[in-house]
Amino acid sequence: MTSSDTLHRVERACAQLHRNGQPVTFTAVANLTGLGRTTLYRSATLRAVIEENRHRSATNGTLTGLLDEIHTLHTALEAIAARVRHHEEQLRRLATRVG
């Protein structure tokens with residue numbers, strides 16, 4: 001499990017790299033945070049933060065990047081909607097058993 005302090009250090013390092021116009025890489029984040037690259041790769045949370053920032057840095061401000069972000073958000077929204085429909089169906093079934 002990743003501590004909130006470690007997560008904040010990684011987020012701050014990514015933000016600093018963005019501000020300085022440097023690419024967000026595992027090596028750069030490791031150097032700024034003092035954490036090992038292996039630690040960054042092995043933690044699913046830290047890895048996701050770095051990869052998201054890498055992607056955002058590479059596509060920042062481009063039409064392709066915006067379209068990709070819209071597609072990602074649309075896919076996430078569809079997954080949430082499917083889950084809500086599933087839960088609503090479960091609630092209907094439970095209500096008919098109780099009622």
Colleague: Is there a donor-acceptor pair under 3.5 Å between the side chain of Ser43 and the backbone N or O of Leu40?
Modeller: no
Colleague: Residues sharing Leu77's hydrophobic cluster, by side-chain heavy-atom contacts under 4.5 Å among ILVMFWY, directly or via others?
Modeller: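 Besides Leu77, the hydrophobic cluster comprises nothing; the residue is isolated.
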Colleague: For residues 79-91, which side-chain N or O atoms pair as donor and acceptor with protein atoms under 3.5 Å away, sequence neighbours left out?
Modeller:
residue, atom, partner, partner atom, Å
His86, NE2, Gln90, NE2, 3.4
His87, ND1, Arg83, O, 3.4
Glu89, OE1, Arg92, NE, 3.4
Glu89, OE1, Arg92, NH2, 3.1

Colleague: Mind jotting down which residue pairs meet the ring pair (Phe, Tyr, Trp, His ring centres under 6.0 Å) criterion with at least one end in residues 21-53? Sequence neighbours excluded, please.
Modeller: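 Output for this query lists Phe26-Tyr41.
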Colleague: Starting at CG of Leu7, measure out to CZ of Arg12 and round the result to the nearest 0.5 Å.
Modeller: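 Those atoms lie 9.5 Å apart.
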Colleague: Find the distance between CD1 (Ile50) and OG1 (Thr27) and round it off to the nearest 0.5 Å.
Modeller: 9.5 Å
Colleague: Looking only at non-hydrogen atoms, find the nearest pair between Leu35 and Ala30 and report the distance.
Modeller: O-CB, 3.1 Å
Colleague: Given the rule in the side chain to side chain contact (heavy atoms under 4.5 Å, CB included) test, do Thr25 and Val29 qualify, once you have shown the distances and angles that lead to the verdict?
Modeller: CA-CA 6 Å; Thr25 64; Val29 172; over 6 Å; no
Colleague: CD of Gln22 to CD of Gln16: how many Å apart, nearest 0.5 Å?
Modeller: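 Reported to 0.5 Å precision, the distance equals 7.5 Å.
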Colleague: To the nearest 0.5 angstrom, please state how far the CD atom of Glu11 sits from the CG atom of Leu46.
Modeller: 9.0 Å
